[in-house]
Amino acid sequence: MTFGTGAVTRPADTIGGMGIRRMLAVALAGLVAATVVGAVHASDAADAVYPPPRSLPLPPPSTNGIDDHRTTVAVLLGPAGANAADVLAPYETLAASGRYQVLTVAEHRTPIPLTGGLELVPDRTFADLGHADWIVVPEIQQASSPQLQSTVDWIRARYADGAQILSVCAGAGLLARTGLLTGRPATSNWLALYGYERQYPDVRWRRGVRYVDDGRIITTAAVLSGVDGALRILEREHGTDAARQAATAIGWRTYHPGATADIAAAHPAPADTVALLNAGFRTPVHAGVLLTPGVGEIELASVFRTYTQLVYVARLTAVTADGQPIRSRHGLTFIPRSAKPTGYDRLLVPGHDAALAHRADPAWKPVYVHARAEFPFDGTLRDLAATTDVPTARWVAKTLEYSPGELTGPAFPWVPALLLALAMAAGGTLYVLARAGLARRPRLRNWLRHLAEMLVAMVAGMLLLAPAWSWLTHDRPVLMTLTMAVDMAAGMAAWMAVRGHDRRMIGEMALVMVAPFVVLLPWLSGAALSTAGHVLMLAAMVALMLVRWEHYSAAPTWAFRPWRRVFRKPGAGDDPGRGDLPQQVEEPAGEPR
């Protein structure tokens, strides 16, 4: 302390002339800006993984009837899309054995988008396929939506008729929705299990195993564990030699005869943050994927899954040389999205046979990702490591629960890391400039502070109260949206009470938050109701705060006994929104407003 001037210095609170709190505020502003930028980019990248289904003229259905003397396996597809590897890996494993009649089935015979935009034409519809010995349930998009109720009913009906079930990866979520897993042991994708353990507590979930065989139902762990589930079906019904032959045919090296293999129970780790960097800040490569007749189903899955879902480093377009559909090795029909093999950053050509025959025009500069005779995912993971970076390839392998061979390439994702740093620097700079401007406008600063606090309170209310309603809102998207609005309004009301607002102000704000959802309810539902309701809710909040400018531009206060502010009437002479709290003097005389 310096006597005579009244100045007080706090060296412990400064670093290089800048207060520690100010430095933290700048860093926080940069982090918020980077998060917003990354979230917008990631949302766009995630939406591109499963493009909307298209209405197209289809090739005629297969004239092959159901052979009653062969075991029929129905691989389920969903209208909004299904995981390419979950569908195609068990499909080819069982089809390659030559012992099963393997068909894809969906509610309607329309092209189904698989991961990355690979479009598959179902072999049969629910109405065409009255009987199945086995049903394979992969990860299906929008598994909790009412749109899939007919699929849920079909699974239950086929199980009641005697069908057995193999669920692959997150397909266990749809199977749990049918109620058939209640009381049973089961497993699933290690990431998905965090949600399923809360959503379906009556299922005895297990981690650290490739599959769980519970008699008529087999459930598998992440993605490529579906191969082990298919081999389990083979060894149960035809013996270990038949299963070993099928594993050799597809290049699967880790067949574990007779029982499930233990695997490391995966959990999130610091190295996994590379996925967030890629999703939020890496510019995806636009790659064409040349479909050639006779290509292996797992070869296709290895391309369309490796570069897209949960990694988002490429946007893929399926093409053919003539623009016509192709038939895969075991008879599936795939439809291209373009007939132009040129104009892409890269042209990937799946298939070992295609690589040996050099089926692509050299002028297209094709990349043959399956030049070696090996399990197809080895080739795509090597290419991903070499062209992107090794941490990204290892993250993809972790999501697949697969152990690739040696991977070489860049050791760190420098480009997305640099973009993240730039976004944080821009956010911090904007904060400094905004703070300098708002310092001369205290009422505007107070108004923005109220708005920011209320937005945080809304999110907190939603996160804290949502679990209490999960039993009521499960599979009821409209009710879920309405309870979410109530939860946000409750969080807002609680914080306003803490800040000393009286019941009239709290009631007004809660009303404008919930009203848009109620008004839109007769016309909208599902995602449309949620999106439109949230937009109108935020607009109504801001409008109310502008109408009540004098109230919300006053300096915030604390009410240490907020219940008194909610349940008592304002006193005479009080600010009508502040109860009997004294008003703070916030602006020196002559300071501009």
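Positions are given from 1, in the same order as the sequence printed here.
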Using modelled atom types only, decide if a donor and an acceptor are shared between the side chain of [X] and the backbone of [Y] within a distance under 3.5 Å.
| X | Y | answer |
| --- | --- | --- |
| Thr333 | Arg327 | no |
| Arg359 | Pro293 | yes |
| Arg305 | Gln309 | yes |

Quick one: closest heavy-atom pair of [X] and [Y], and the distance?
| X | Y | result |
| --- | --- | --- |
| Ala490 | Leu465 | CB-CD1, 3.8 Å |
| Leu193 | Ser188 | CD1-O, 3.8 Å |
| Lys398 | Ala266 | CE-CB, 4.1 Å |
| Val87 | Pro138 | CG2-CG, 3.7 Å |

(request) Assert yes or no for the condition that the ring centre distance of Tyr211 to His256 is strictly below 6.0 Å. (result)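 No - the distance between ring centres of Tyr211 and His256 does not fall below the 6.0 Å cut-off.
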(message) Does the Lys NZ or Arg CZ of Arg282 fall within the cation-pi geometry relative to Tyr312 - under 6.0 Å from the ring centre and within 45° of the axis?
(response)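 The answer is no, since Arg282 fails at least one limit relative to Tyr312.
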(request) Answer yes or no for Arg207 and Tyr194: cation-pi contact, defined as NZ/CZ to six-membered ring centre under 6.0 Å and angle to ring axis within 45°. (result)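 Verdict for Tyr194: a cation-pi partner in Arg207.
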(request) Output, in order, the C-alpha distance, side-chain angles, deciding distance and verdict of side chain to side chain donor-acceptor pair (under 3.5 Å) for Asp241 and Gln245. (result) CA-CA 6 Å; Asp241 287 343; Gln245 290 170 7; over 6 Å; no
One thing to verify: whether [Y] and [X] come together as a salt bridge, which I'm taking to mean a side-chain N less than 4.0 angstrom from a carboxylate O.
| X | Y | result |
| --- | --- | --- |
| Arg236 | Asp213 | yes |
| Glu297 | Arg329 | no |
| Arg382 | Glu374 | yes |
| Asp378 | Arg253 | yes |
| Arg184 | Asp202 | no |

(request) Give, for atom CZ of Arg158 and atom CG of Asp153, the distance between the pair rounded to the nearest 0.5 Å. (result)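 Here the interatomic distance stands at 11.0 Å.
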(request) Find the distance between CD1 (Ile155) and CG (Leu174) and round it off to the nearest 0.5 Å. (result) 4.5 Å
(message) As a quick check of understanding, evaluate side chain to side chain donor-acceptor pair (under 3.5 Å) for Tyr307 and Thr380, giving each step before the final call.
(response) CA-CA 8 Å; Tyr307 301 93; Thr380 52; 5.4 Å; no
(request) Step by step, work out the side chain to side chain contact (heavy atoms under 4.5 Å, CB included) result for Asp161 and His131. (result) CA-CA 8 Å; Asp161 290 341; His131 170 76; 5.9 Å; no
State, without any angle test, whether [X] and [Y] hold a side-chain donor-acceptor pair at a distance under 3.5 Å.
| X | Y | answer |
| --- | --- | --- |
| Arg177 | Gln199 | no |
| Trp134 | Glu237 | yes |
| Thr240 | Glu235 | no |

(message) side chain to side chain donor-acceptor pair (under 3.5 Å), that's the test. Do Ser225 and Asp228 meet it? Break it down for me.
(response) CA-CA 5 Å; Ser225 296; Asp228 288 297; 4.9 Å; no
(message) Checking Tyr100 against His238 for the ring-ring contact (aromatic ring centres under 6.0 Å, His included) test, could you report, in this order, the C-alpha distance in whole Å, the side-chain angles of both residues, the deciding distance, and whether it holds?
(response) CA-CA 11 Å; Tyr100 294 92; His238 301 284; 5.4 Å; yes
(request) Take Val137 and Val168 through the test side chain to side chain contact (heavy atoms under 4.5 Å, CB included) and record every step on the way to the result. (result) CA-CA 6 Å; Val137 182; Val168 181; over 6 Å; no
(message) Please determine whether side chain to side chain contact (heavy atoms under 4.5 Å, CB included) holds for the pair Ile217 and Leu175, giving the CA-CA distance in whole Å, both sets of side-chain angles, and the decisive distance to 0.1 Å.
(response) CA-CA 10 Å; Ile217 295 180; Leu175 189 56; 3.9 Å; yes
(request) Quick one: do Asp133 and Thr71 satisfy side chain to side chain donor-acceptor pair (under 3.5 Å)? Show the steps, please. (result) CA-CA 6 Å; Asp133 298 286; Thr71 302; 4.8 Å; no
